[in-house]
Amino acid sequence: MADESTDRVVEEDSGNSNVNDNANDTLKYQLLGPSLTKAGQDAVNQQKVSEIIYNASKGSKFFNHEQERDRNQTLKIERIAAEKVRLEKLDLSHDLRRADEYLAELELTRDLSQYVIHVDCDAFFAAVEELDRPELKTVPMAVGKGVLTTCNYVARKFGIRSGMASFVAKKLCPQLVLLPSNYEKYTAKATEIRTILAQYDPLFESASCDEAYLNITAYCDENQMDPDEAVQRLRAEILENTKISVSAGIAPNAKIAKISSNINKPNGQFRVANERIAVMEFMQSLPCRKVNGIGRVFERELDSIGIKTCGDIYPQRAILTKLFGEKAFQFLAQCYLGLGRTNIEPVETHERKSVSTETTFHEIGDKEELRGKLRWAAEEMEKDLARTQFKSRTLCLKVKLHTFEVLTRQTAPPRAVSQAKDLYTYALPMLIKLEKEIPGMKLRLLGLRCSNLVTTKKTGLNFFGFTAQPKPPTVEPPEPTKEREIGAEEAFEAAARQEVQDEMNDLEQLSQEAAIPDQSIPTIEAGPEAGPVEESPAQWECPICSKPQMADDRGFNDHVDFCLSRQTIREATQDTHSVIDEPSQGTGSRKRKPVNPGGNEDPRQKRLFFR
DNA sequence: GCGGATCAC
DNA sequence: TATGGTGATCCGC
C-alpha cells in the first residue's frame, strides 16, 4: 500500500518546478526571506519583487553566501530524493507497520476537550508607532534600522517584509518611511494587552512580545460562552482599551491555534472546531510550511519527496524516519494528525538554558580592534548574567566572517564564570586560535554565549511549593569584596597582561592542543567548586503575592508584572473566583487535563514542564 | 561534548 | 554602501 502511494507521488514529483529545475529559483526564494508565507502578501507581484531583491543583492558578500548555502541545500536535497528512490526498492513493511503503530498510539493521546487560542498583534511595532503618528497609517512604513523588524500593511503591498534589509525595502518602495525602534514603548503597550489577556486566562503564556497562548476553556464554561464569542469579546476589548488590533486562532491545541491566527489576519479570527474530522481536514490541505518548526529548508526537503501539505505526510510515513530521523518522524506524525499541546502555562515556569550577546559591525581585521569588541561583549555578558543571576560553566565564542560564514568555539572554564574579565580571559584564547586558523581573518560579528548555567540566586520553593531539588543545591558564594573593588579597566589590564602571556605561549599551547588558559588567573578565588549544576527554578518571593516564585527576568513575563495586573483586574472586576491566588493547589484554575498529549510539539523546541 | 545548521520572532 | 539579536533544538561526529 505504501509502495503504491509513494510511487504515485514520485510521478507527480517529476514535474516539480520548485526543486531542481532552476537553481536560481530556490536562491530567489531564499532571498525573499523567511516571512514569505506569513500574512499580507496576497496582492503582491511576487515574481517582480523577487527580481528586485535578487538584483539588489547580486554580487554582494551576503548574496554569495546565500548562494553557497543554497547550493549545499540543493545537494542535500538531491541526496534525500535519491535515498527515497533507493528505499522504495526495499521491503518497507516493517517500517510501515512501525509508523502505523506510532500513529495509532498518538491517536490515543488526542485531546479535544480544550479551547486553546493564539493571539497575535497585527504588525505590532508599526501599529504602536501609528498610535503616536496616525498620519503614518496611510503610507508605507517600517520599523527598524538595517533590517526591518516590522512593517505596516501598506508597506506589505510593495512586497516589504520583516527581516528585509532596509536598503532592499527602499528599492521596492522608495517612499517607505523608516522609524527607529522604541522597545520601551512596545513593552508598555504589550503590558496593557497582557492585562486584558489575564482576565481570560490568568495562566496565559506569552510566546513573544506580541503573541500569546491562552486556554479559555474555563472562561467559556464560567461565562456560558462559545469560544468564538469569547474571542470576539477579547479582541474587541483589546482594540477598545489599547487601540491595537489583534488576530486570533481558536483550536483544540496550541499548534493549530497558532496556524489559525494567521488565517484571517489582520484583525480577524479563525476557528478549527474541536472535532477530529475538522482537525484532520484542516491539516490535510495545509501547506507544511505553515506549521511552526517547518522552515524554508525543511519545506524544500519535504517538497523533494512529494510532501507539500500535512496530508501528504501520510503516504510517505514509512520512509520518514530513515530520511529525516526519529524526532522529525514523530513531529511530522503529529502534524498529520493535527495534534499539539493543550497545556498553556506562564513562561516564568520555563528554565533558561543560555544567555548570549552579539553585535554586528563594519568588517574588522585588526586584532586590537577585535579584542575591543570581545571586551565589549564580555562587559555586556557580565551585565546580562548579573541581571539573570547566573554564572556559566560553558563559554562559547561566536564570530561571523566577512563572508557571512559563522563559526563557534566553546570552552569550559575551570569554574563557573560571570565577571567580564573572566569571560574575556577565557574567550580570548578561542579568538586567538581562530586568528591562527584563518590567516587575515576579518569579522563582521562577534558574540558570546553562556550555557551550562549555574544560578546565583537563593534557593527556595518552586512555583508549586515543592522543594526544587532533593539535595540542597549549591549556591555560588558572593564574590570576595576585593574582587568587587577592582575596576573594569584594571581588570582588563590584568586580562590584557594575561593575553600577552597567552600569546607568548601560544605556539606551544597550540601544538599541544592546549587552548586552556593559565589557571592561575587572578580572578579565580577559592569558593567551593560548583557541584552539580544548580537547577532550582524557585528563587524569590513575590512582593505582591508573597509566594515563592520562579526566577526569570524576561521582562514581559515577569511574575510581579503578572501579579500587579491581576491585582488591577481584581479591583476593576471584583473577581471572586481567583483560583490563581492558590497556585500550590494544583495546576491552576482551569478545568483541563494537565497532560501534554504527544509532548513532541516541535522538532526544535522542546517544551519544559514541571518536575 | 562540540560545532554546524535550522527555526522562531 | 548596505542584510539583526536572542534563545532553543537537532544531527553528525
Side-chain angles (χ1 to χ4, degrees), chain A residues 30-35 37-38 53 56-66 69 72-73 76 120-121 124-125 143-150 161-171 181 183 186 206-211 258 289 291-301 324-331 347 350-363 377 380-381 384 388 393-400 402 404-412 430 434 444-453 552 554-556 600-608:
Chain A
Q30 188 76 15
L31 288 169
L32 284 173
S35 58
T37 57
K38 306 301 180 193
I53 296 175
S57 304
K58 207 165 168 181
S60 68
K61 290 177 175 178
F62 174 79
F63 178 92
N64 292 337
H65 181 252
E66 289 298 302
R69 278 177 34 137
N72 290 335
Q73 279 170 28
K76 190 174 165 195
D120 196 344
C121 301
F124 184 53
F125 294 177
V143 177
K145 277 196 168 64
V147 168
L148 311 182
T149 59
T150 323
R161 283 175 306 277
S162 63
M164 181 177 277
S166 45
F167 80 93
V168 174
K170 281 278 188 183
K171 280 220 161 62
S181 47
Y183 288 101
Y186 312 145
S206 293
S208 71
C209 172
D210 67 339
E211 283 179 41
K258 165 78 181 164
R289 181 67 174 86
V291 179
N292 239 11
I294 299 182
R296 287 173 294 171
V297 173
F298 201 18
E299 177 190 31
R300 278 186 65 193
E301 292 176 3
F324 303 115
E326 186 64 23
K327 292 276 182 189
F329 163 71
Q330 292 179 358
F331 174 73
V347 73
H350 300 170
E351 186 186 339
R352 180 187 279 268
K353 300 227 165 111
S354 71
V355 179
S356 68
T357 178
E358 65 185 55
T359 37
T360 295
F361 36 73
H362 65 277
E363 280 177 21
E380 285 302 301
M381 183 58 80
D384 289 347
T388 54
R393 313 200 83 188
T394 301
L395 181 60
C396 177
L397 174 74
K398 171 178 173 178
V399 301
K400 193 184 281 181
H402 67 107
F404 284 84
E405 185 184 359
V406 175
L407 302 173
T408 60
R409 293 294 180 269
Q410 74 182 54
T411 186
M430 295 191 279
L434 281 171
R444 73 185 321 279
L445 172 148
L446 185 146
L448 290 175
R449 185 175 72 249
C450 287
S451 54
N452 252 311
L453 300 177
D552 188 325
R554 291 176 216 184
F556 292 138
N600 186 9
E601 179 215 353
D602 183 317
R604 288 166 180 91
Q605 269 181 283
K606 195 180 76 175
R607 311 293 317 179
L608 296 163

> Strictly below 4.0 Å: does A:K353 bring a side-chain N or O up to OP1 or OP2 of C:dT9?
yes
> Taking OP1 and OP2 of B:dG4, is either one under 4.0 Å from a side-chain nitrogen or oxygen of A:R409?
yes
> By nearest atom, which of the nucleotides C:dC11, C:dT3, B:dA8 is closest to the A:K327 side chain?
C:dC11
> If you only use heavy atoms from C-beta on, which nucleotide in C:dA8, B:dT6, B:dC7 is closest to the side chain of A:F298?
B:dC7
> Could you work out which one of C:dT9, B:dG3, C:dG5 sits closest to the side chain of A:Q410?
B:dG3
> Report the nucleotide, chosen from B:dC9, C:dG5, C:dA8, that has the shortest atom-to-atom distance to any side-chain atom of A:K258.
B:dC9
> May I ask you to verify if any side-chain N or O of A:R444 is less than 4.0 angstrom from the OP1 or OP2 atom of C:dG4?
yes
> From the options C:dG5, B:dA8, B:dG4, select the nucleotide whose nearest atom is closest to the side chain of A:T408.
B:dG4
> Can you tell me the distance, in whole Å, between the CG atom of A:N72 and the P atom of B:dG3?
20 Å
> Could you pick out which residue, A:R69 or A:E211, lies toward the 5' side of DNA chain B when each is mapped onto its nearest nucleotide?
A:R69
> Under 4.0 Å, heavy atoms only, any strand: does A:S57 hit a base, just the sugar-phosphate, or nothing?
base
> Reckon A:L445 touches a base, only the sugar-phosphate, or nothing at all at heavy-atom distances under 4.0 Å?
sugar-phosphate
> Can you spot which of A:L31, A:V147, A:I53 makes a side-chain contact (heavy atoms from CB on, under 4.5 Å) with A:M164?
A:I53
> Can a side chain N or O of A:S354 be found less than 4.0 Å away from OP1 or OP2 on C:dG7?
no
> Once you apply a heavy-atom cut-off of 4.0 Å, does A:E66 come out as touching a base, just sugar-phosphate, or nothing?
nothing
> What's the closest nucleotide to the side chain of A:T357 if the choices are C:dC10, C:dT3, C:dT6?
C:dT6
> Any N or O donor-acceptor pair under 3.5 Å from the base of C:dT1 to the side chain of A:S60?
no
